[in-house]
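Heads up, the thing below is written out as structure tokens.
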Amino acid sequence: MTVAARPRLRGVVGESAPRSDAPPKTQGAFAYASDLAREGMLHGATLRSPHPRARIARIDVEAARALPGVAAVLTAADLPTKVKFGLMKLDQLPLADGRVRYAGEPVAIVAAEDPERAREAVRAVRVEYEVLPAVTDPVAALHPDAPRLHDDGNVIEDVRVVHGDPDARADVVVEDEYEVAMQDQAPLGPEAGLAIPDPDGGVTLHVATQWLHEDLRQIAACLGLPERKVRLVLAGVGGAFGAREDVTLQIHVCLLALATRRPVRIVYGREESFHGHVHRHAARLWYAHGATRDGDLVFVRASIVLDGGGYASSSSAVVANAACFGAGPYRVPNALIHAVGAYTNNPPAGAMRGFGAVQSCFAYEAQMDRLAAALGMDPVALRGRNALRDGDRIVTGQAVEGSAPVADLIRRCAALPPPAPPPGLIAGEVDLTALPGGVGNVTRGEGVRRGTALAVGFKNACYSHAFDDFSTARVRLVRERGEPVAYVLTAAAEVGQGIVGVCEQIARTELGVQRVVVETPDTSIGSAGSSSASRQTWMTGGAVLAACREVKAELARRAEAHDRVRRTPRDGEPVDVDLAPLLDPPIERTVTHRHRPTEPRDATTQNAGHVAFLFAAHRATVDVDVETGIVKVVQVATSQDVGKAINPLAVVGQLEGGIAQGLGLAVMEEVRLQGGLMRNASFTDYLLPTTLDMPPVVCDLVEHPHPDAPYGAKGVGEPPTISSTPAIVAAIRAATGRELNRVPVRPDDIVFGTAARSGWRMRPGADPRTAVRM
Amino acid sequence: MRLVVNGTPREADVREHESLLTVLRERLGLPGSKNACEQGECGSCSVLVDGELVCSCLVLAAAADGRRVETVEALGSAERPHPVQRAFVEAGAVQCGFCTPGFVVAAAALLRENPEPTDAEIREALAGNICRCTGYGTILDAVRRAARITT
Ligand code: FES
Ligand code: FES
């Protein structure tokens with residue numbers, strides 16, 4: 001009988017405990033999807049359309065099939081079904097049939113004995129295209145006389161938010177147009193999957209994804225197989241950020257495995273990865289803000305066009321987010337926001353961290369600064385004055401619940417320690433690394449100006465608008481070598497964010513056992529939903545918590561029955577009973593956790609459509625060399641309402657990582673498109689922030705628990721990417737006096753000061769389809 | 001070709017134009033070095049060739065003939081992790097981890113040459129490695145910790 005006091009548990013909720021997947025990752029021993037291999041495996045490759053819009057007249061695969069070492073060449077003619085796939089709207093065939101709608105659309109796939117032969121076979125496929133003029137301006141695509149890119153027209157989604165008096169008037173009005181360029185998620189691990197045919201005619205797919213069950217649904221339908229014959233196992237995921245929410249190679253690699261009856265692996269290279277996954281929507285936004293002379297917001301009116309590209313992906317939800325959160329975290333009595341997602345012949349856009357809230361935040365925060373200037377008010381004071389408090393309603397009519405007052409975040413963020421003063425004009429010895437341009441030695445400090453500014457943003461946590469959002473967890477408490485061990489199985493994708501650690505810490509805390517093993521996620525258990533929408537801690541964390549509590553209740557029942565209990569386990573206390581008789585047989589509980597239902601969207605979007613809101617404030621300090629237009633971000637400070645930090649260090653990691661992506665969008669990251677063609681599909685040409693670009697971050701974690709969330713812990717992943725971008729751009733404006741109505745800010749924008757103009761006249765709030773060419 | 005990998009003499013059949021990274025990953029069973037860009041831009045494939053830090057995706061396999069190559073797999077083990085590996089775990093510097101092997105190799109190389117680097121030196125030395133997850137704060141902290149452990 002175990003009665004001796006044991007050491008306290010290490011790694012419970014609230015501790016900055018190391019996560020179990022970290023050591024193997026540092027040793028090169030963690031198996032990512034691109035590391036997987038099987039005896040006798042074939043290598044797949046994809047032929048993609050070089051044209052953004054074309055009719056396919058003929059495909060000739062004979063030469064490719066005849067090459068030595070080629071096991072299969074498949075085109076649309078070989079698809080087992082004509083079922084389309086798509087995250088929210090089924091609008092794309094796994095291989096283009098007759099029409100291509102973006103440059104990069106898959107047309108044929110091959111499997112060969114080695115990757116080089118596979119690429120050779122791809123080159124040997126002959127495709128005759130009748131090239132059509134590409135529609136690449138999303139505003140033009142919405143025009144009634146634009147060519148129809150899909151049978152149901154070019155509008156993917158159309159969302160209107162009508163709140164209060166849409167025609168309200170105000171003393172002071174500011175108005176402008178804004179642009180957000182396309183951003184790439186650029187997860188470091190490339191897309192990869194290994195499909196193994198099963199004896200029952202089904203297939204097992206090991207894949208790096210954000211959502212196993214959603215992949216499964218789409219794969220099975222397109223393969224024409226019952227879902228029970230398709231099994232998915234999560235392979236190591238090298239980052240995601242939204243890029244792995246859609247199907248990329250999943251269906252292809254399964255088709256090839258079924259066609260050849262051999263294991264097949266597909267691994268994208270970086271260039272193919274840029275073409276293979278969806279991106280953050282490029283956006284055009286027209287905004288008008290009205291306020292009283294005292295600085296109380298009277299109205300926000302906005303028209304927003306999001307470029308969905310060739311296929312819909314999650315555009316419909318991105319459009320809804322851009323609209324719902326389009327007035328910012330402020331009390332706005334009157335609003336009219338009209339957001340539309342358009343099909344074009346650009347590469348498809350879908351999920352990326354911040355999901356629609358990023359685009360509108362850039363615009364409304366620029367507007368708030370402009371309004372402050374027009375009112376002669378301090379921009380931070382203007383924000384504080386209008387900031388949402390608990391109980392206030394956002395422009396969809398939904399009240400804020402369980403959140404820290406936004407004015408507190410603003411105040412705290414503004415008061416965080418500032419960076420050291422600028423190096424100034426220095427003669428003689430200069431630490432170039434402290435100056436814009438670094439060791440590129442472009443300035444000695446003469447033209448360097450400093451600017452500081454603050455921005456705030458928000459979005460929803462979890463899925464919205466009546467979506468049945470749930471996660472399933474199985475917890476098994478067993479006895480191994482005299483020790484209790486908890487096994488936790490969920491289908492939640494660990495994409496880097498740390499859900500593995502969250503599950504470990506929750507199970508330790510709830511069950512009072514030190515050893516927790518988080519098993520490899522697969523589809524043998526119910527769905528966990530996607531690792532997106534800042535939802536896994538809330539949903540899968542919640543499911544693990546609930547399952548642990550059921551296990552604990554059963555343990556207590558058994559202990560009572562055996563009358564051997566010394567002490568029922570309390571949170572954070574080791575189990576202190578003789579487990580031998582209690583865990584034979586082991587205790588196992590499976591629980592499905594749902595958040596409370598949300599309301600569907602109606603014609604004016606006045607509903608409690610979201611489960612909760614996430615808020616953060618960012619303050620950026622920049623040094624700008626006004627002669628070269630080079631920006632050095634000196635510091636970013638943030639106050640974020642995280643509810644409860646299950647692992648404070650992991651939360652800081654999310655905040656800093658999200659800010660890095662916000663910085664990227666502010667000053668460097670842009671997928672450059674020309675006539676629908678991607679011009680910079682490589683890490684040489686698509687620039688990502690490095691250690692020299694990313695400044696120190698000051699993180700202030702505000703723990704205002706949400707009553708519905710496990711331990712009150714809100715999602716934390718997305719807010720860092722929402723208001724960091726506008727804060728940095730506002731700081732550059734403060735340093736330079738330039739307008740800067742577009743991100744990313746380019747050196748030319750700073751040096752020459754030209755604003756971005758779409759060439760369309762649009763009355764903010766009006767239907768984007770009524771835009772008039774100027 | 002012949003080369004000494006992690007202290008062991010190895011032989012591999014190599015195709016023309018094949019990189020050292022491909023040979024390590026696909027022929028020699030050492031997938032620890034990662035492939036994320038194949039253009040020398042991200043440092044995920046960092047290894048030491050004759051003690052010198054290189055991007056193995058840019059090194060022609062043939063050019064490594066007769067050389068001594070050290071990969072992340074040899075830096076430490078599960079039982080005896082290298083101080084840099086320990087520091088990365090403790091500092092929370094590992095999220096998706098795809099960049100981690102490259103950072104660990106590059107950081108170990110830095111500390112071998114400069115056991116007490118300044119912050120600016122750490123940033124400069126790791127500027128060739130991209131991490132998309134962490135924003136680098138925890139990584140810089142890990143390198144500082146490792147420097148404290150080793151000195
Ligand atoms: S894979 Fe070698 S530097 Fe990126
Ligand atoms: S931890 Fe994911 S890229 Fe660095």
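Letters A, B, ... are given to chains in the order of the sequence lines, protein chains preceding strands, and every chain is numbered from 1.
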Side-chain ([X]) to main-chain ([Y]) donor-acceptor, under 3.5 angstrom:
X      : Y      : answer
A/E656 : B/Y136 : no
A/Y32  : B/P31  : no
B/R123 : A/T690 : no

Which portion of [X] sits near chain B, non-hydrogen atoms under 4.5 angstrom:
X      : answer
A/V237 : backbone
A/D114 : side chain
A/P695 : backbone
A/A186 : both
A/L188 : both
A/F683 : both
A/Y268 : neither
A/Q654 : both

I'd like to know which of [options] tops the heavy-atom pair count under 4.5 Å against chain A.
options                      : answer
B/R15, B/E90, B/R86          : B/R15
B/A120, B/G92, B/G97, B/C131 : B/G97
B/G76, B/A91, B/S44, B/A93   : B/A91
B/N35, B/T100, B/L75         : B/T100
B/K34, B/E26, B/E38          : B/K34

Could you report the tightest heavy-atom contact between [X] and [Y], atom names first, then the distance?
X      : Y      : result
B/Q39  : A/S682 : OE1-CB, 3.3 Å
B/P101 : A/G28  : CG-CA, 4.3 Å
A/G239 : B/C96  : N-CB, 3.2 Å
B/C133 : A/F241 : SG-CZ, 3.6 Å

Any idea which of [options] has the most non-hydrogen atom pairs under 4.5 angstrom with chain B?
options                       : value
A/G438, A/A17, A/S34          : A/S34
A/A29, A/G236, A/G238, A/A660 : A/G238
A/G189, A/A31, A/P115         : A/G189

*Considering only heavy atoms, which portion of B/C37 lies under 4.5 Å from any heavy atom of chain A: side chain, backbone, both, or neither?*
both
_Does any backbone or side-chain atom of B/S33 lie under 4.5 Å from a heavy atom of chain A? Answer side chain, backbone, both or neither._
neither
_Under 4.0 Å between a side-chain nitrogen and a carboxylate oxygen: does that hold for B/R132 and A/E669?_
yes
*State which residue, out of B/V89, B/V104, B/V94, fulfils the side-chain contact (heavy atoms from CB on, under 4.5 Å) condition with A/K25.*
B/V94
*asked:* Quick check on side-chain contact (heavy atoms from CB on, under 4.5 Å): which of B/E73, B/Q85, B/H82 does A/Q27 satisfy it with?
replied: B/Q85
In Å and rounded to the nearest 0.5 Å, what is the [atom1] to [atom2] distance from [X] to [Y]?
X      : Y      : atom1 : atom2 : result
B/I139 : A/M694 : CD1   : CE    : 11.0 Å
B/I130 : A/L687 : CD1   : CG    : 8.5 Å
B/T134 : A/L655 : OG1   : CG    : 13.0 Å

*Does any non-hydrogen side-chain atom of A/L688 lie less than 4.5 Å from one of B/E41?*
no
